[in-house]
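Protein chains get the first letters and strands the later ones, always in sequence-line order, with residue 1 at the start of each. These numbers were taken from a predicted model, which means no experiment stands behind them.
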Amino acid sequence: MVDTTCHAWSVDIRSARTIQVQLAKRVRLVDETRNVTTVAGVDTGFEGEGAIARACIAVFHWPDLVLAETAIGRQPVTFPYVPGYLSFREMPAILEAAEKLSTLPDLLLCDGQGIAHPRRLGIAAHLGVWLDRPAIGVGKSRLCGTHGPVAEEKGATRALYDGDDRIGTVVRTRTKVRPLFVSPGHRVDHGAAVRWVLATVGRYRLPEPIRAADHAASRRIRTSSH
DNA sequence: GCGACAG
DNA sequence: ATCTTGTCGC
Ligand SMILES: [Mg+2]
């Protein structure tokens with residue numbers, strides 16, 4: 001069972017930074033996704049003018065890529081949005097959703113960065129270490145790092161660096177469409193991270209598992225129309 | 001001090 | 001992230 005109640009997520013930025021530096025030491029960049037049977041997408045939406053975080057985890061069978069299960073977690077937001085500290089806002093709701101799953105997925109594709117983070121602990125790395133599950137960060141934009149130009153064809157890649165550190169890969173998942181920022185979160189390497197993203201992309205820019213999670217997480221509550 | 005800055 | 005319908009370009 002995942003422990004969410006016995007932890008203070010409502011810490012100040014100072015403490016959060018210390019926690020990130022400590023947990024970053026537990027990240028393992030070795031590919032352990034050779035026998036994956038289930039791949040999940042993770043994303044969070046907000047309700048009540050940002051007071052409530054609504055996270056969704058959409059689990060898919062692999063390699064069928066057929067939806068297996070979905071879980072949603074809703075928790076009050078206890079941390080402001082500050083670039084570099086996103087996980088402290090979304091983690092409580094995400095962990096609640098994880099507890100509701102019948103089984104934890106073999107691989108987590110998260111909306112956000114993995115180690116492509118100032119202290120190498122983006123939300124995918126934080127979640128991966130916390131659950132000790134393979135995880136990959138899929139950002140729609142850049143948090144940090146530099147890279148050369150990415151060819152405009154689908155499948156084109158360019159390494160992302162922070163100084164001399166390789167922190168991720170910029171990946172074009174659709175021709176002539178803005179690329180994604182892919183980075184390992186935990187128990188995967190750069191190559192595997194990119195392969196998983198390209199393998200789970202369908203007709204759209206984002207991997208199908210993340211699209212499904214995003215859809216369910218931001219789906220507003222409304223009455224039937226008619 | 002100034003600019004950058006996941007969702 | 002969120003407020004929101006149609007419109008433009010590949
Ligand atoms: Mg998101």
Notebook entry, point to check: Which dot-bracket string fits DNA chain B when only Watson-Crick or G-U wobble pairs with both atom distances under 3.5 Å count, crossing pairs get [ ], and | stands for a partner on a different strand?
Noted result: .......
Checklist line | Dot-bracket line, read 5' to 3' along DNA chain C, where crossing pairs take [ ] and | marks a partner on another strand, Watson-Crick or G-U under 3.5 Å | finding: ..........
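Within a heavy-atom distance below 4.0 Å of DNA chain B, the residues of residues 76-88 of chain A found are Y81(A), P83(A), G84(A), Y85(A), L86(A). Across residues 142-152 of chain A, R142(A), L143(A) each have a non-hydrogen atom less than 4.0 Å from an atom of DNA chain B (numbered order). Looking at residues 177-214 of chain A, you'll see that no heavy atom sits under 4.0 Å from any atom of DNA chain B.
By the side chain to side chain contact (heavy atoms under 4.5 Å, CB included) test, P63(A) pairs with no residue at all, sequence neighbours left out. Residues that satisfy the side chain to side chain contact (heavy atoms under 4.5 Å, CB included) test with V150(A), not counting sequence neighbours, are H147(A), A156(A), R158(A), V170(A), R172(A). Q20(A) pairs by the side chain to side chain contact (heavy atoms under 4.5 Å, CB included) definition with Y85(A), F88(A), H117(A), R119(A), L121(A), not counting sequence neighbours. In terms of the side chain to side chain contact (heavy atoms under 4.5 Å, CB included) criterion, residue partners of L101(A) (sequence neighbours excluded) are, by chain and number, I57(A), V59(A), E69(A), A71(A), P105(A).
Of all non-hydrogen atoms in P118(A) and L143(A), the two that sit nearest each other are CD-CD2, 3.7 Å. Listed here is the closest heavy atom pair of I13(A) and F79(A): CG1-CZ, 3.8 Å. Contact record, K140(A) with F181(A): C-CD1, 4.3 Å, taken as the closest heavy-atom pair. In terms of heavy-atom proximity, G112(A) sits nearest to I123(A) at CA-CG2, 4.0 Å. The shortest heavy-atom contact between T173(A) and R205(A) is OG1-O, 2.7 Å.
Between E153(A) and K176(A), none of the side-chain N atoms (NZ, or NE/NH1/NH2) sits under 4.0 Å from a carboxylate O, so this pair counts as no salt bridge.
Residue contacts for G50(A): at a heavy-atom cut-off of 4.0 Å it reaches no nucleic acid atom on any strand shown.
On the nucleic acid side, DNA chain B contacts chain A at distances under 4.0 Å to non-hydrogen atoms, with the end points of that region at dA4(B) to dG7(B).
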Protein-nucleotides 2-10 of chain C N/O pairs closer than 3.5 Å?
unit_1: dT2(C); atom_1: OP1; unit_2: F46(A); atom_2: N; d: 3.3

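Membership of the apolar cluster around L109(A) extends to V36(A), V39(A), F60(A), W62(A), L65(A), L67(A), L107(A), I136(A), V138(A), V171(A), L180(A), V182(A), V188(A), V194(A), W196(A), V197(A), L198(A), V201(A), L206(A), I210(A), as traced through chained side-chain contacts below 4.5 Å between ILVMFWY residues.
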